[in-house]
Amino acid sequence: MLGLKNFIRLYLQSQKLQCCYTVSMFSTKQPKNKVTVSSQKEVFKIGPTFQDFLENSLRSAKNANKYSAESMPDLDHAYLKKEDYQGKGQKVYMDVYGCQMNVNDVEIVWSVLISNGYQKTNKADEADVILLMTCAIREGAEQKIWNRLDHLRHLKKRKAAKNDRRVSIGVLGCMAERLKEKLIEKERSIDIVAGPDSYRDLPRLLTDVTDDPHQSAVNVLLSLEETYADIIPVRVNPESPSAFISIMRGCDNMCSYCIVPFTRGRERSRPADSIINEVRYLADEGIKEITLLGQNVNSYRDLSDSVYYGGISDKIGDTSTVPGFKTVYKAKKGGRRFADLLEKISSIVPNIRIRFTSPHPKDFPDEVLQLIAERSNICKNLHLPAQSGNNAVLERMNRGYTRESYLQLVQRVNEIIPGVTLSSDFICGFCGETEDEFQDTLTLVERVQYQTAYIFPYSMREKTKAHRRLEDNISHDVKTARVDQLVSSFRDGAEKLNQSRVGSVQLVLIEGVSKRSADEMAGRSESNVKVIVPQEEIPVAINNDKTAPIKQGSYVAIKIISANSQVMRGLPLYHTSIQEFFGEEKRKLIQH
Ligand code: SAH
Ligand code: SF4
Ligand code: F3S
C-alpha cells in the first residue's frame with residue numbers, strides 16, 4: 001500500500017524540490033487518537049501548494065480506496081485556509097526557560113500568534129492556551145519543565161472539573177525538539193509539541209487541537225533555511241531599553257557534550273537587509289542597547305544579495321578561523337561575515353550600544369577585533385567560552401583548540417582591544433576529568449581574570465558524541481565541589497577587576513529602579529557589570545547647569561566608588577550619550 005509518507009516523497013521527487021521536508025506523524029492511543037501532518041510551508045512556494053497536493057492525493061486515495069478506515073489520517077485541516085487558523089481572541093500565556101535565543105523566540109511566537117488573532121495574558125489561570133518555551137541543555141533544565149508540567153496538569157484537570165474553559169498545553173523549543181512525541185507519551189496533558197523551526201505553524205497546530213480535544217499536534221521539523229527573517233518580534237518587556245535581534249540560528253560545531261546541534265539544527269544566517277530593518281525599527285522605538293543573538297553568533301555568514309553591502313571594504317570570502325583553531329566542518333564558501341554586519345549596524349546606530357552572544361572563540365579574526373576596538377558603540381566585553389583549560393579534556397570535548405591557542409587568542413584580544421573584559425562558560429566534571437585536568441581549568445581562570453563566568457556541572461545528554469563514546473564517570477559530589485571551587489576562584493578575579501575601576505568614570509545604561517531600594521537606580525557598565533547609583537537630578541550634559549532625573553534608558557557618566565565581584569556602586573555625574581561620552585574621554589586622553 002502506498003502510504004502518505006511515500007506519496008509525499010514521490011510527489012517531491014516529481015517536483016524536484018530540494019528541501020528538508022519530513023512528515024511527523026504521531027498517533028497516540030486513547031485519548032489522543034488522531035494524526036496530524038506537519039508541513040513546512042515555505043518549501044511549497046513554487047509550483048502547487050501542499051494543500052493542492054493533499055487535496056489531490058487524498059481524493060485519489062479515497063477514490064482508490066487505498067486507505068483503511070484506521071490508517072486514514074485525519075486531513076480535515078488540509079481543506080482549511082489561513083482564515084481558519086485564527087485564534088478568535090483566545091488568551092495565551094507563555095513561560096520561558098533557557099537562553100536568550102529562547103527569549104527572542106518567545107517574541108517571535110507572540111508576533112505569529114497575535115497576527116493570527118490570539119491575545120496575550122500574564123495569568124496562567126485565565127489562559128485558553130499555555131505554552132512553555134523550553135531548554136534541554138542540561139538534565140536540571142528539563143527537570144524544571146517537568147515540574148511545571150506537573151503543576152499545569154493539575155490546573156487543566158481543575159478547570160475541566162469545574163467545567164471552566166478548556167486549556168491547551170504546548171511545549172515549544174529545545175526540549176520539544178529533543179523529546180518529540182515522547183513528551184506526549186510521558187505527559188498526556190500536553191496537546192502540542194513544536195520545535196524551534198516550526199513557530200509559523202503554531203496557529204494551525206493550535207486550531208487542530210482546539211477543534212478536537214482528543215487530538216495532539218506535533219511539528220518538530222528542523223529547517224535549513226528558517227530564520228524568521230520577516231517577523232518583527234513582539235517585545236516581551238516593552239519598557240526595557242534593551243532588545244534582542246536574532247541574526248543566525250543553529251550550530252554546526254558538534255562539541256561532544258552538547259545537545260544544541262540536535263535541538264536547533266544546522267547553522268543558517270538571516271539576510272542583512274532584514275536585520276538592518278529591525279535595527280532601524282528598534283532605533284525608532286527608542287531602544288538604547290541591541291544584543292545580536294545566535295548559537296554561534298560570530299559564525300554569521302550572509303549569502304543573500306543584501307543592498308547594505310557593496311563598498312570596497314566588504315569581503316566575500318571563505319570562512320577562516322583564528323590561528324590554532326579548527327572546525328569539524330570544511331571552510332564554507334562565500335558570504336559576508338560577522339565583521340561586515342557589525343560594521344553596518346554600528347555605523348547606522350552610533351548611539352545604540354551593541355552586544356552579541358553567544359560567540360565561538362574560533363570566529364574572532366583580527367578584523368572583528370579591530371572593528372570592536374574602533375567603534376565606541378560596540379561593547380568591549382567579549383564572551384570567549386573556554387569550557388576547560390586542559391588539552392586532553394578540550395580534545396574529548398571536540399572544541400577544536402588547545403589551552404595554548406586559546407591563551408594566544410586572549411592575548412591577541414587584549415592587544416587589539418585595550419581595556420577589554422572577557423567572560424566565559426566552563427563545564428566541570430566532564431567525562432573522565434581528573435583532578436589534575438581540573439586544576440588546569442582553575443589556573444586558566446586565575447590567569448585570564450574573567451569579568452563574568454557561567455560554570456556548569458556536566459550533564460550527559462543522549463545523542464551526543466560523549467553519550468555514545470564516553471563515560472559520565474565523575475560523581476555528582478565531585479562535579480559540585482569543582483563547580484564551587486571554580487566559582488570561588490573566578491569571584492576573586494572578578495572582584496579584583498571591579499575594584500580596579502574604583503575612581504574611574506564609567507558609561508552606564510540605566511535599566512530601571514534598583515530591586516533593593518526605590519531610592520536607587522540600577523544599570524550596566526560596558527563590561528556588563530551591574531552599577532547602582534542614588535536616584536538624583538543630574539546635569540543634562542557635561543558642564544551644563546540644567547538638570548534632569550535619571551530614568552530607565554538614560555546613559556549616565558558614573559564615578560565608581562566601591563565594588564565587589566558582582567556589583568559596583570557609583571555617583572552619577574551627568575547625562576550623556578555614547579558618542580558624547582567617548583568623545584569626552586578621548587579629549588581627556590589627548591590633554592593629559
Ligand atoms: N553556543 C554557545 C553555547 C550554548 S550552551 C557556545 O558555544 O558558547 C551554553 C553553555 O552551556 C555552553 O557553553 C556550555 O558551557 C554549557 N553546556 C552545554 N552542554 C552542556 C552539558 N551537557 N552539561 C553541562 N553544561 C553544558
Ligand atoms: Fe553547543 Fe558547541 Fe555549538 Fe556551543 S558551539 S552550541 S557548545 S555544540
Ligand atoms: Fe537551552 Fe536550547 Fe538555548 S538547549 S541553552 S534553549 S539553544
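Only this structure's heavy atoms are used, side chains among them; waters, hydrogens and symmetry mates stay out. Worth saying up front: this structure is predicted, and the values here are computed from it rather than measured. Here, residue 1 is the first one in the sequence, and each next residue gets the next number. Note that ligands are numbered from 1 as they come in the structure, with each ligand's atoms numbered from 1 the same way.
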Applying a heavy-atom cut-off of 4.0 Å, say which part of [X] lies close to ligand 1: side chain, backbone, both or neither.
X	answer
Thr464	neither
Pro457	backbone
Met460	neither
Glu139	neither
Gln295	backbone
Phe456	side chain

Is it true that a side-chain atom of Thr227 and a backbone atom of Ser269 form a donor plus acceptor pair closer than 3.5 Å? no
Contacting atoms of ligand 1, where contact means under 4.0 angstrom from a heavy atom of [X]:
X	value
Arg461	22 (N)
Tyr458	22 (N), 23 (N), 24 (C)
Pro385	8 (O)
Arg399	7 (O)

Parallel, tilted or perpendicular for His360 and Tyr401, by the 30°/60° rule?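 His360 vs Tyr401 ring planes: perpendicular.
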Ring-plane angle category for Phe364 and Phe356, please: parallel below 30°, perpendicular beyond 60°, tilted otherwise.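 Rings of Phe364 and Phe356: tilted, 30 to 60°.
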Any nitrogen or oxygen of [X] lying under 3.5 Å from a nitrogen or oxygen in ligand 1? Just yes or no.
X	answer
Gln387	yes
Asp425	yes
Arg138	yes

More than 12 heavy atoms of other residues, nucleotides or ligands under 6.0 Å from NZ of Lys326: is that the case?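 Check fails, neighbour count at 12 or below.
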For Ser189 and Glu187, test the side chains for any donor-to-acceptor distance below 3.5 angstrom and give the result as yes or no. yes
Among side-chain atoms of Arg399 and Tyr257, is any donor-acceptor pair under 3.5 angstrom?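 Arg399 vs Tyr257: donor-acceptor pair found between side chains.
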Could you check whether any heavy atom of Gly173 sits closer than 4.0 Å to an atom of ligand 3, since that is the contact criterion I want to use? no
Hey, is Arg264 one of the residues with a heavy atom under 4.0 angstrom from ligand 3?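 Heavy atoms of Arg264 do come under 4.0 Å of ligand 3.
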Protein heavy-atom partner closest to [atom] - residue, atom, separation in Å:
atom	value
atom 4 (S) of ligand 3	Ala136 N, 3.3 Å
atom 21 (C) of ligand 1	Ser459 O, 3.6 Å
atom 5 (S) of ligand 2	Asn253 ND2, 3.3 Å
atom 6 (C) of ligand 1	Ser358 OG, 3.9 Å
atom 5 (S) of ligand 1	Ile137 CD1, 3.5 Å
atom 3 (Fe) of ligand 3	Cys99 SG, 2.3 Å
atom 20 (C) of ligand 1	Tyr257 CD1, 3.8 Å
atom 3 (Fe) of ligand 2	Cys251 SG, 2.3 Å

Distance under 4.0 Å to a non-hydrogen atom of [X]: what atoms of ligand 3 satisfy this?
X	value
Cys174	2 (Fe), 4 (S), 6 (S), 7 (S)
Gln295	7 (S)
Asn102	6 (S)

Tyr228 six-ring face occupied by Arg270 cation (under 6.0 Å, within 45°): no
Can you check which of Cys258, Ser256, Cys99, Cys255 brings a heavy atom nearest to atom 2 (Fe) of ligand 2?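 Among Cys258, Ser256, Cys99, Cys255, the closest heavy atom to atom 2 (Fe) of ligand 2 belongs to Cys255.
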Determine, step by step, whether Val529 and Asn498 satisfy the side-chain contact (heavy atoms from CB on, under 4.5 Å) criterion, reporting the C-alpha distance in whole Å, the side-chain angles of both residues, the deciding distance to 0.1 Å, and the verdict. CA-CA 8 Å; Val529 177; Asn498 288 346; 3.8 Å; yes
Which ligand 2 atoms are under 4.0 Å away from a heavy-atom of [X]?
X	answer
Pro261	8 (S)
His360	5 (S)
Tyr257	7 (S)

Non-hydrogen atoms of Arg399 versus ligand 2: any pair closer than 4.0 Å? yes
Should the proximity of Pro385 to ligand 2, defined as any heavy atom under 4.0 Å, be assigned to the side chain, the backbone, both, or neither?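 Looking at Pro385 and ligand 2, no heavy atom falls under 4.0 Å.
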Contact check: Cys135 to atom 1 (Fe) of ligand 3, N/O/S below 2.8 Å: yes
